[in-house]
Amino acid sequence: MDKIRVRFAPSPTGYLHIGGARTALFNWLFARHHGGVFILRIEDTDRSRSTEEAIHAIIEAMRWLNLNWDEGPFRQMDRLGRYNEEAERLLASGGAYKCYCTPEELEERRKAALEKKETWKYDRRCLTLTEQERLACELEGKKPVIRFYCPDEGETVIGDHVKGNVVFENANLDDFIMVRADGIPTYNFAVVVDDHDMQITHIIRGDDHLSNTPRQILLYQALGYEVPEFAHLPMILGPDKTRLSKRHGATAVEAYRDEGYLSKALINYLALLGWGYGDQTIFALDELIKKFSLGDVGKSPAVFDPAKLEWMNGVYIRELSVDELALLLKPFLKNAGLTLEMYDEDWYKRLAEITQERLTKLSDIVGLSDFFFHRVEYQPEAVEKVLKKEGVPDILRRVLETLSDSFDFYSDEIEKRLRALVEQMGLKPKLVFQPVRVAVTGRTVSPPLFETIELLGRDTALERLGEAINIINMAN
RNA sequence: GCCCCCAUCGUCUAGAGGCCUAGGACACAGCCCUUUCAAGGCUGCGGCGGGGAUUCGAAUUCCCCUGGGGGCACCA
């Protein structure tokens, strides 16, 4: 087989969507698996909806996901000449014809047909225009569109790699518009010329394109092109089983990045949406490349499950080294305004270490560690439930004394001394540690206590212990 | 309305006629570990949409129904 060439061809009308990312990923995996070429092409022929920002956003997202492309990004708007050439060629051979019907006229006729419960198909009014009538239209200043002359007999078969053979009656297709009145090609035409020119061997895309495929195949044949292979991926759905969209929550890849998802986790999760390899759920990237095949792509649509993505993200966060995690965490802290001069690199690494298995998203670090960066805010509930218990002031005083002793302020040593105190007081560990936790963090839930005390530093820890004692006294 | 696609736990899926008493993962519940929360371990809950047909035997093959999705633009 010739060298495999695939492409991802988004239209730049918004951010890179989860579904688009999945399509890009499958193309990329297929290319990498076969040592082929992955091409990025921007389908920007919809001039009213395409924007430069969207192009940048898509490219950014692709980079973040590490879906590197070998050729491109190509832009369809740069290739207008080619479409023109091919359209002229088809016009000359009778495979296409000019149509002077205006959108308004068409809309009217479409409506009328629908009212009579007839299926609308372009009525070929302009197919039989005489040269004189044509000239008259031109003189009126009408700009024609170019329509494909669609055969009304026979059938077109797609040999799809995931759907199998799909048969369409040509009679159900109509003479669709290839080139708009302004000379810009429509999707169905541009995509065919591009895929041919770029020697695409496999077209892997969402199955929302399945019903467009026969039109495109007919176009390939009319233009004398070799028809490529097709693989139509099942849609990604929201919880209500409709096509995944903003209504269902975040769908932009960059939103996940900003929430603190790791690209590797997103990739792994996306790979499982429509593809599977036995019972396995966690795949390293090279494993994905090695194991990916179109044959293992499922036919049925998949519901996007944010909960599973979250879980998987946690798995990937736990796989990070402490150094890597510390580096990734910093921007999230900074963004939340949580910074403090006194904390050095090592401090952040320790923070990463003690929060690692508690993070499901990088952004979780904010809620988990904010008390390190500003005054304690005692949660009323925590004060009520823990600090106001019998004997707590005494316990906190004893802890304060213990931590005031001169010793190296490390978690191991802190733990040793506090456990000794617990022993000495003859209390259950929990009875001592929970009040201490609330005293130094303001709440009942926190990272591991002794490490937290260490990271707070002796001064702050003692200060907060004292503050807690005051609060209790004042309440009484 | 017309055309096309799809159908196993709530979700992602394994399953290509007997290995299925339908397996795994997420979620959920319980227990263990434990200074909290996590993480981890164990256990549990939970499914082949319905009807025919083929077969000694069907989640697996075929047909119909139902349900869901997609397309039918001078959008892609």
Side-chain angles (χ1 to χ4, degrees), chain A residues 9-13 43-46 48-50 76 99 101-103 106-107 110 113-114 117-121 143-147 158 160 162-164 166-169 171-174 176-182 184-188 190-191 205-214 232 234-235 237 239-243 269 272-282 298-312 314 318 355-360 368 386 415 418-419 422 428-438 441 443-450 452:
Chain A
S11 62
T13 54
E43 312 225 318
D44 55 354
T45 54
D46 181 350
S48 58
R49 295 200 304 150
S50 300
Q76 291 187 318
C99 166
C101 300
T102 65
L106 290 169
E107 184 54 34
R110 200 189 336 255
L114 240 56
K117 301 213 167 185
E118 281 168 13
T119 309
W120 163 257
K121 239 175 103 171
K143 292 276 185 227
V145 300
I146 299 176
R147 286 187 183 271
I158 306 168
D160 194 271
V162 349
K163 305 283 184 186
V166 183
V167 184
F168 290 84
E169 300 281 337
N172 288 321
L173 274 23
D174 76 342
F176 61 92
I177 293 170
M178 297 165 40
V179 181
R180 301 175 171 93
D182 62 4
I184 295 173
T186 61
Y187 166 74
N188 280 120
V191 78
R205 75 222 313 186
D207 72 10
D208 48 335
H209 286 290
L210 194 56
S211 23
N212 277 319
T213 309
H232 286 94
M235 295 278 89
L237 275 25
D240 62 353
K241 309 275 183 133
T242 63
R243 190 203 195 111
Y269 179 71
L272 259 26
L273 247 32
W275 175 84
Y277 193 84
D279 275 352
Q280 198 175 340
T281 45
I282 300 294
K299 298 173 170 208
S300 49
V303 173
F304 182 76
D305 180 11
K308 190 162 186 173
L309 206 211
E310 259 200 55
W311 163 79
M312 196 172 279
R318 277 170 248 131
T355 51
Q356 184 160 35
E357 64 187 24
R358 274 154 257 268
L359 297 169
T360 160
L368 233 48
V386 180
E415 174 165 12
L418 289 186
R419 284 200 189 280
V422 167
K428 273 191 175 167
K430 186 172 182 168
L431 246 45
V432 174
F433 295 143
Q434 267 313 79
V436 174
R437 185 188 313 283
V438 173
T441 69
R443 40 202 194 216
T444 54
V445 174
S446 82
L449 185 59
F450 310 114
T452 297

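Scope of the values below: all heavy atoms of this structure, side chains included, with no hydrogens, waters or symmetry mates.
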Taking N or O atoms only and anything under 3.5 Å, show me the protein contacts with nucleotides 40-49 of chain B, one pair per line.
| residue | atom | partner | partner atom | Å |
| --- | --- | --- | --- | --- |
| B:G40 | OP1 | A:R318 | NH1 | 3.4 |

B:A14 versus B:A7 - spacing of their P atoms, nearest Å = 11 Å

message = Measuring only the C1' atom in each nucleotide, how far is B:G47 from B:U21? A whole number of Å is fine.
response = 14 Å

ask   = If you take all heavy atoms of A:R437 and A:P447, which pair is closest and at what distance?
value = NH1-O, 3.5 Å

task = Mind checking A:P214 for me? I need base, sugar-phosphate or nothing, with any heavy atom below 4.0 Å counting as a touch.
result = nothing

key: Pairwise C1' distance, B:U43 and B:U35 [rounded to whole Å]   = 26 Å

task = Rounded to whole angstrom, note down the C1' distance from B:U54 over to B:G41.
result = 48 Å

key: Between B:C45 and B:C31 - C1' atom distance, rounded Å   = 15 Å

query = Got A:P214 and A:L173 here, is their nearest side-chain heavy-atom distance under 4.5 Å?
reply = yes

query = What nucleotide, of B:C74, B:C5, B:U36, holds the atom closest to the side chain of A:S446?
reply = B:U36

query = Between A:M312 (CE) and B:G24 (C1'), how many Å, whole number?
reply = 13 Å

query = Which is true for A:L210 with a 4.0 Å heavy-atom rule: it touches a base, it touches only sugar-phosphate, or it touches nothing?
reply = sugar-phosphate

request  = Check the distance between B:G70's C1' and A:I158's CD1 and give it to me in whole angstrom.
outcome  = 13 Å

message = Starting the side chain at C-beta, find the nucleotide from B:G70, B:C5, B:U36 nearest to A:P448.
response = B:U36

key: Minimum-distance nucleotide to A:T45 side chain [options: B:C6, B:C12, B:A76]   = B:A76

request  = Using only heavy-atom distances, decide whether a donor-acceptor pair under 3.5 angstrom links the side-chain of A:N212 to the base of B:A76.
outcome  = yes

inquiry  = Give me the atom names and distance for the closest heavy-atom approach of A:D240 to A:T242.
reply    = OD1-OG1, 2.9 Å

inquiry  = For B:C26, give the paired nucleotide (Watson-Crick: N1-N3 plus N6-O4 or O6-N4; G-U: N1-O2 and O6-N3; both under 3.5 Å), or none.
reply    = B:G10

query = Do A:N188 and A:T186 have side-chain atoms, one donor and one acceptor, less than 3.5 Å apart?
reply = no

message = Here's a test of your reading of the structure: between A:D174 and A:R437, which maps to the more 5' nucleotide of RNA chain B?
response = A:R437

query = Is the base of B:G23 touched by the side chain of A:D279 through a donor-acceptor pair closer than 3.5 angstrom?
reply = yes

request  = May I ask you to verify whether the side chain of A:K299 and the base of B:A7 hold a donor-acceptor pair under 3.5 Å?
outcome  = no

query = For A:L106 and B:A73, what is the distance between atoms CG and C1' respectively, to the nearest whole Å?
reply = 10 Å

note = Across every strand shown, the nucleotide meeting Watson-Crick or G-U wobble geometry with B:G40 (both distances under 3.5 Å) is B:C32

task = Determine the contact category for A:F168: base if any of its heavy atoms lies under 4.0 Å from a base atom, sugar-phosphate if only primed atoms, P, OP1 or OP2 are that close, otherwise nothing.
result = sugar-phosphate

remark   = Per atom distances to the A:D46 side chain, the nearest of B:C6, B:U36, B:A76 is B:A76

inquiry  = Using OP1 and OP2 only, check whether a side-chain N or O of A:R358 sits under 4.0 Å from B:U36.
reply    = no

ask   = In whole Å, what separates the C1' atom of B:C74 from that of B:G70?
value = 22 Å

note = Out of B:G71, B:C26, B:G1, minimum distance to the side chain of A:S211 belongs to B:G71

inquiry  = At 4.0 Å (heavy atoms only), tell me whether A:D182 reaches a base, stays on the sugar-phosphate, or touches nothing.
reply    = nothing

Least distance between heavy atoms, A:Q76 atom then A:A190 atom = NE2-CB, 3.5 Å

query = With a 4.0 Å cut-off on heavy atoms, is A:S300 in touch with a base, just the backbone sugar-phosphate, or nothing at all?
reply = sugar-phosphate

inquiry  = What's A:T102 touching, base or sugar-phosphate or nothing? Going by heavy atoms closer than 4.0 Å.
reply    = base

key: Presence of A:R49 side-chain N/O under 4.0 Å of B:A76 phosphate oxygens OP1/OP2   = no

query = Is there a side chain to side chain contact (heavy atoms under 4.5 Å, CB included) between A:Q434 and A:T444 once you walk through the steps?
reply = CA-CA 7 Å; A:Q434 267 313 79; A:T444 54; 3.9 Å; yes

task = Please determine, for B:C20, whether a Watson-Crick or G-U wobble partner exists with both distances under 3.5 Å, and give it or none.
result = none

ask   = Which part of the nucleic acid, if any, lies within reach of A:P103 when heavy atoms closer than 4.0 Å are counted: base, sugar-phosphate only, or nothing?
value = base

inquiry  = Does a side-chain N or O of A:K241 approach OP1 or OP2 of B:G68 to a distance below 4.0 Å, or not?
reply    = no

request  = Compare all side-chain heavy atoms of A:T213 with those of A:H232 and state whether any distance is below 4.5 angstrom.
outcome  = yes

query = For A:M235 and B:G69, what is the distance between atoms CE and P respectively, to the nearest whole Å?
reply = 13 Å

task = Assign A:V145 to base, sugar-phosphate, or nothing according to its heavy-atom contacts below 4.0 angstrom with the strands shown.
result = base

query = How would you label the contact of A:H232 with the nucleic acid (heavy atoms, under 4.0 Å): base, sugar-phosphate, or nothing?
reply = nothing

request  = Between A:A181 and A:V167, name the one whose nearest nucleotide on RNA chain B is closer to the 5' end.
outcome  = A:V167

remark   = Winner on side-chain proximity to A:E357, out of B:A39, B:G69, B:C12, is B:A39

message = Taking the P atom in each of B:A59 and B:A53, what is the distance between them to the nearest angstrom?
response = 15 Å

query = Is A:R443 touching bases, backbone alone, or none of the nucleic acid, heavy atoms closer than 4.0 Å?
reply = nothing

note = From the candidates B:C74, B:C12, B:U36, the one with an atom nearest any side-chain atom of A:A302 is B:C12

query = A:T242 near the nucleic acid: base, sugar-phosphate alone, or nothing, with a heavy-atom cut-off under 4.0 Å?
reply = sugar-phosphate

note = Rounded to whole Å, CG of A:D208 lies from C1' of B:C3 at a distance of 15 Å

message = What I'd like to find out is whether the side chain of A:F176 reaches to under 4.5 Å of the side chain of A:N212, using heavy atoms alone.
response = no

ask   = Within this structure, what is the CG-to-P distance between A:D305 and B:C26, rounded to whole angstrom?
value = 11 Å

task = Both distances under 3.5 Å, Watson-Crick or G-U wobble: report the partner of B:U54, or none.
result = none

request  = Find the distance A:I177:CD1 to B:C74:P and express it as a whole number of Å.
outcome  = 4 Å

task = Decide yes or no for A:R243 and A:D208: does some side-chain heavy atom of the first lie under 4.5 Å from some side-chain heavy atom of the second?
result = yes

task = Check whether any side-chain heavy atom of A:L210 lies under 4.5 Å from a side-chain heavy atom of A:I158, and answer yes or no.
result = yes

message = Could you report the tightest heavy-atom contact between A:Q280 and A:I282, atom names first, then the distance?
response = NE2-O, 2.9 Å

query = What does A:R419 touch in the nucleic acid at a heavy-atom separation under 4.0 angstrom: a base, only the sugar-phosphate, or nothing?
reply = base

key: Nucleotide nearest A:A307 when distance is taken to its side chain, options B:U35, B:C12, B:C26   = B:C26

inquiry  = Within the 4.0 Å heavy-atom criterion, would you say A:G206 contacts the bases, only the backbone, or no part of the nucleic acid?
reply    = nothing

inquiry  = Any side-chain N or O of A:T281 below 4.0 angstrom from OP1/OP2 of B:U13?
reply    = no

ask   = Rounded to the Å, how far apart are A:L273 CG and B:U11 C1'?
value = 10 Å

key: Flag side-chain contact, heavy atom, 4.5 Å: A:P234 against A:S300   = no

